[in-house]
Amino acid sequence: MPSETMKLIWIAFWVLVAVGWSVLSFRWLQKNVSQINGAGGKKGALQKIVLRRVFLLTLIGVLLFLALKTEPAAAVAMALTVTAATWIQVWLYHKQTSAATSLKENNLGSN
């Protein structure tokens, strides 16, 4: 029975890591997008952003590998959690930007 308990603990640990990673990665991506807008799409800025994203993708691969080494079910749970958390964040971000855009359009139309 302790073995089953340890498996559940590992799965919970890697799910928490996945949620944290997803939130952190998405925040960095939002920051990068704002840098693109601020830089006017300069070539150097875009290259830095692409290199950061490749590095972050490699890091998530390492985390998935470590999860797989500790508990295979944890790696599956981690992959599903990262995917779901990212989709939720994208949906919330889209909802937020759509509301801001419609508010801005309403304010322009009332003048």
Side-chain angles (χ1 to χ4, degrees):
M1 201 50 124
S3 176
E4 291 299 318
T5 304
M6 259 331 263
K7 285 182 182 182
L8 290 176
I9 290 172
W10 277 117
I11 291 170
F13 170 76
W14 286 110
V15 164
L16 290 175
V17 167
V19 168
W21 177 256
S22 178
V23 169
L24 186 63
S25 178
F26 194 77
R27 296 295 175 223
W28 285 340
L29 182 60
Q30 283 180 318
K31 183 179 174 186
N32 290 341
V33 168
S34 67
Q35 286 176 353
I36 290 172
N37 293 337
K42 290 183 182 175
K43 187 177 181 181
L46 292 175
Q47 287 176 345
K48 288 179 187 176
I49 292 168
V50 168
L51 286 175
R52 282 186 210 136
R53 296 312 295 176
V54 167
F55 173 72
L56 293 175
L57 183 63
T58 304
L59 208 54
I60 192 70
V62 169
L63 288 173
L64 279 169
F65 174 76
L66 292 174
L68 183 63
K69 292 295 260 180
T70 55
E71 178 61 40
V76 173
M78 184 179 176
L80 292 174
T81 303
V82 166
T83 303
T86 303
W87 284 352
I88 290 168
Q89 290 177 91
V90 167
W91 177 72
L92 291 173
Y93 181 71
H94 174 69
K95 188 175 173 183
Q96 176 187 6
T97 56
S98 294
T101 302
S102 67
L103 181 62
K104 189 176 186 181
E105 288 174 358
N106 287 341
N107 287 340
L108 289 176
S110 64
N111 288 334

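We use all heavy atoms of the structure for the numbers below, so side chains are in, but hydrogens, waters and symmetry mates are not. Index from 1, following the sequence.
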*Euclidean distance, L51 CG relative to Q47 CD, rounded to 0.5 Å*: 7.5 Å
*Give a yes or no answer on whether the side chain of T70 reaches the backbone of A67 with a donor-acceptor pair at less than 3.5 Å.*
yes
*Under the 3.5 angstrom rule, does the side chain of Q89 hit a backbone N or O of S22 as a donor-acceptor pair?*
yes
*So, does S98 use its side chain to make a donor-acceptor pair with the main chain of K95 at under 3.5 Å?*
no
*Check the pair L56 / I60 against side-chain contact (heavy atoms from CB on, under 4.5 Å), numbers first and verdict last.*
CA-CA 6 Å; L56 293 175; I60 192 70; over 6 Å; no
*Rounded to the nearest 0.5 Å, how far does CD of E71 lie from CD1 of I9?*
11.5 Å
*Which distance, rounded to the nearest 0.5 Å, do you find between the OG1 of T83 and the CE of M78?*
10.5 Å
*Of L64, V76, L63, T81, the residue whose pairing with W14 passes side chain to side chain contact (heavy atoms under 4.5 Å, CB included)*: L63
*Is there a side-chain contact (heavy atoms from CB on, under 4.5 Å) between W21 and L59 once you walk through the steps?*
CA-CA 10 Å; W21 177 256; L59 208 54; 3.5 Å; yes
*From I49 CD1 over to K31 NZ, what is the distance, rounded to the nearest 0.5 angstrom?*
10.5 Å
*asked:* Taking the side chain as everything from C-beta on, heavy atoms only, tell me whether Q30 gets closer than 4.5 Å to Y93.
replied: yes
_R53 vs N32, test: side-chain contact (heavy atoms from CB on, under 4.5 Å). Steps then yes/no._
CA-CA 10 Å; R53 296 312 295 176; N32 290 341; 4.0 Å; yes
*Supply the atom-to-atom distance L29 CG to T86 OG1, rounded to the nearest 0.5 angstrom.*
9.5 Å
_Co-membership, hydrophobic cluster, residues L66 and V17, 4.5 Å side-chain_ = yes
_So which atom in A77 and which in I11 form the shortest heavy-atom distance, rounded to 0.1 Å?_
CB-CG2, 4.0 Å
*Hydrophobic cluster membership, V50 vs L57, 4.5 Å side-chain cutoff*: no
*So W10 and F13, would you call those rings parallel, tilted or perpendicular, with 30° and 60° as cut-offs?*
perpendicular
